[in-house]
Amino acid sequence: MNIVKTIKEVRENVKQWRKEGLSVGLVPTMGYLHEGHESLIKRAVAENDRVVVSVFVNPMQFGPTEDLASYPRDIDADSRLCEAAGASLIFHPEPEEMYEEGFCSFVDMTGLTNALCGLSRPVHFRGVCTVVNKLFNIVMPDKAYFGEKDAQQLAVVKRMVKDLNMDIEIVGCPIIREADGLAKSSRNTYLSPESRKQAVILSKSIFMAKQMVLDGERDAAKVKKAMVDMINTMPLADIDYVEIVDVNTMKNIDKIEGNILCAIAVNIGGEARLIDNFMLSLSNA
Ligand code: AMP
């Protein structure tokens, strides 16, 4: 497995693979890889002849007061994980390689991004769509892998690919969790021991809400209230949002039906903003 830092080197590798008739999968990441990322890489390895993992902390998707500078980085550990998982190439560019001087083209989206994380993080999805678009143009993969952990991101990328007629299959992969239920995240490393304990309330509230819906509850307000009450039992938890939306439109719903996304974002101890969710397809009967 190779690590390359330039777009030119990625293209040379991919060109050679294409000459050999090989299929190519892409797993975009910001690095500090854990078992969640690993599950995406392994799925990509199982479904493609060659897999490119990008490791790039994309400055464009961070707001001015967010954690760009402190975001954890460890390319040596990342490359060990990628190699063991069967990846063929890591693309690890510097910001200047991705954003040359004079850079001024962006991929922006309306609608789907005016909800959930898009409201709390106004520049986030413009940065995500732009960098994902660039990565697609650089690697030109057959398939690209994204986690359901970032459910809105997955919906946004699927929509972008459809709207802009990109010939790439977007594969969503299930959320990988710690033993106590907390969704794995590079940002979990920000948590102090006490915050880490209290962070379990995110997944607990998600599991509880999912069970309420599976048991037949269809009133979104009731489910959200139960979640808010549960999360608020933890003194270090500060809710950003608790929402139930239609997964196709990201619009809030009152009655739970169709394809729904229940998503939450919670600040824990002022140390980390964590997200979690569940998705369900319900018959409208
Ligand atoms: P990130 O490095 O946080 O930008 O994540 C890169 C990709 O890994 C995204 O598609 C995430 O949704 C996915 N991912 C991150 N954490 C998890 C997890 N716990 N389970 C599944 N996928 C994940």
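Just so you know, these numbers come straight off a predicted model, no measurement behind them. First listed ligand is number 1; within each ligand, the first listed atom is number 1.
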Could you tell me whether Asp254 atom CG has more than 12 heavy atoms of other residues or ligands within 6.0 Å of it?
-> no
What side-chain donor-acceptor pairs closer than 3.5 Å can you find for residues 24-36, not counting sequence neighbours?
from: Thr29; atom 1: OG1; to: Gly31; atom 2: N; distance (Å): 3.0
from: Thr29; atom 1: OG1; to: Ser54; atom 2: O; distance (Å): 2.8
from: His34; atom 1: ND1; to: Gly36; atom 2: N; distance (Å): 2.9
from: Glu35; atom 1: OE1; to: Lys184; atom 2: NZ; distance (Å): 3.1

Near Asp215 CG, under 6.0 Å, is it more than 12 heavy atoms from other residues, nucleotides or ligands?
-> yes
Answer yes or no: is there an ion pair linking Arg121 with Glu66, defined by an N-O contact shorter than 4.0 Å?
-> yes
Mind checking what residues have non-hydrogen atoms under 4.0 angstrom from ligand 1?
-> Pro28, Thr29, Met30, His34, Gly36, His37, Leu40, Tyr71, Phe146, Gly147, Lys149, Asp150, Gln153, Pro174, Ile175, Ile176, Lys184
Mind checking salt bridge (charged side-chain N to carboxylate O under 4.0 Å, His left out) for Lys158 and listing every partner two or more places apart, or none if nothing turns up?
-> none
Sequence neighbours left out, cut at 3.5 Å: what donor-acceptor pairs do the side chains of residues 228-237 make with other protein atoms?
from: Asp229; atom 1: OD2; to: Lys225; atom 2: NZ; distance (Å): 2.6
from: Asn232; atom 1: ND2; to: Val228; atom 2: O; distance (Å): 3.4
from: Thr233; atom 1: OG1; to: Met230; atom 2: O; distance (Å): 2.5

